[in-house]
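The structure under discussion appears below in the form of C-alpha cells.
As the structure is a prediction and not an experimental result, all values here were calculated from the model. No hydrogens, no waters, no symmetry mates; every other heavy atom, side chains included, goes into these values.
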Amino acid sequence: MEKITFKGKIDQLGDVLIEAFHIVGLFVIGATIVWSAIGEYLIIMQHESGFASLQDILLLFIYLELGAMTGIYFKTHRLPVIFLIFIAITAITRFMVIDMKALMSTDKYNLLIMVVSILILTISAGVLRFSEKKYDNKSECFK
C-alpha cells in the first residue's frame, strides 16, 4: 500500500483546483459565446431590411465555430486548432464581403493578400487533417 505524503495531498488538491478552474472557465467562455450570439441574432432580427445579410450569416458561423471549438475542448481536453483556422477563414471572408470597396481603394494588392491568406489557411487545414489521420496519436503528451 502506497503512503500518501503531504506533497502528494497538495498535488492532488492542485489537480482538483486546476480541473475546477478549467471547467468554470469553459462554462464562462461558452456562456459568453451564447450570450453574444443571441445578442447579435436579436440585432439581426431588428434590421430594417427584414432579412439577414451575408455578413450577418458569416458572423453567426463564427459564433457557431467558436461554440463547437469550446464544446470539443470541454469534452476532449484538446484544443481543435483546425477550428481556429476555420474561424480565421470565415473572418477574412466576412471582412472581404463587408469592406471590398475600401479594400480595393487603399491598395490594389489587398484583395490578393486576402485570397492568398485564405489559400494558406486552407492548405494548413488540409495538412492538419492529413496529419491527424496519418499520425493518430493518442499519447498523453497531446492532452
Side-chain angles (χ1 to χ4, degrees), residues 4-143:
I4 298 177
T5 64
F6 181 69
K7 183 184 178 324
K9 289 180 181 180
I10 295 295
D11 287 344
Q12 286 177 345
L13 177 62
D15 290 343
V16 168
L17 290 175
I18 289 170
E19 186 65 24
F21 178 76
H22 183 245
I23 291 170
V24 169
L26 284 172
F27 271 111
V28 167
I29 291 168
T32 303
I33 292 168
V34 169
W35 176 36
S36 298
I38 290 171
E40 188 62 37
Y41 186 75
L42 292 174
I43 291 170
I44 291 169
M45 295 295 287
Q46 295 172 355
H47 275 208
E48 293 175 10
S49 62
F51 60 89
S53 67
L54 182 58
Q55 70 187 36
D56 295 330
I57 294 167
L58 289 172
L59 183 60
L60 292 176
F61 266 107
I62 290 173
Y63 284 121
L64 177 67
E65 290 164 357
L66 285 168
M69 184 178 69
T70 304
I72 290 170
Y73 188 62
F74 183 77
K75 287 183 175 183
T76 65
H77 292 268
R78 295 178 188 203
L79 183 63
V81 176
I82 200 161
F83 275 83
L84 294 172
I85 293 173
F86 294 155
I87 291 167
I89 291 170
T90 306
I92 293 171
T93 304
R94 185 174 185 271
F95 180 74
M96 288 172 59
V97 167
I98 296 169
D99 294 327
M100 181 61 80
K101 289 181 185 174
L103 193 64
M104 294 302 291
S105 67
T106 57
D107 186 3
K108 62 182 178 181
Y109 295 110
N110 281 341
L111 180 61
L112 182 62
I113 291 168
M114 296 289 175
V115 171
V116 169
S117 298
I118 290 174
L119 179 64
I120 290 169
L121 288 167
T122 303
I123 291 169
S124 300
V127 168
L128 277 173
R129 276 285 187 218
F130 173 77
S131 63
E132 184 180 80
K133 299 278 188 229
K134 185 172 180 169
Y135 304 107
D136 190 20
N137 191 347
K138 305 277 190 219
S139 70
E140 289 295 315
C141 66
F142 291 106
K143 281 192 175 181

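Taking the side chain as every heavy atom from C-beta outward, M69 and L79 approach each other to under 4.5 Å. For the pair I62/L58, no side-chain contact is recorded, criterion being any heavy-atom separation below 4.5 Å from C-beta on. A heavy-atom distance below 4.5 Å is not found between the side chains of L59 and I44.
Annotation: side chain to side chain contact (heavy atoms under 4.5 Å, CB included) contacts of L64 (sequence neighbours excluded): F61. Under the salt bridge (Lys or Arg N to Asp or Glu O under 4.0 Å) criterion, K7 pairs with D11, not counting sequence neighbours.
In this structure, the separation between CD1 on I23 and CD1 on I18 is 12.5 Å, given to the nearest 0.5 Å. In this structure, M114 CE and N110 CG are separated by 6.0 Å, a value rounded to the nearest 0.5 Å. Residue I123 holds its CD1 atom at 11.5 Å from CD1 of I85, rounded to the nearest 0.5 Å. With rounding to the nearest 0.5 angstrom, the CG atom of D15 is 13.0 Å from the NE2 atom of H22. Note that the CD1 atom of I98 and the CD atom of Q55 stand 4.0 Å from one another [nearest 0.5 Å]. Taking CD1 from I92 and CD1 from I113, the interatomic distance works out to 11.0 Å, rounded to the nearest 0.5 Å.
Taking every heavy atom of both residues into account, I82 and A125 meet most closely at CD1-O, 3.5 Å. For A52 against I57, the heavy-atom pair with the smallest separation is CB-CG1, 4.2 Å. When all heavy atoms of Y63 and E40 are compared, the closest pair comes out as CE1-CB, 3.9 Å.
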Assess whether side chain to side chain contact (heavy atoms under 4.5 Å, CB included) is satisfied between S124 and L128, documenting all intermediate values.
CA-CA 6 Å; S124 300; L128 277 173; 5.6 Å; no

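For residues 24-47, the set of pairs meeting the ring-ring contact (aromatic ring centres under 6.0 Å, His included) definition, not counting sequence neighbours, comprises F27-F74.
Distance alone, capped at 3.5 Å, places no donor-acceptor pair between the S36 side chain and the I33 backbone.
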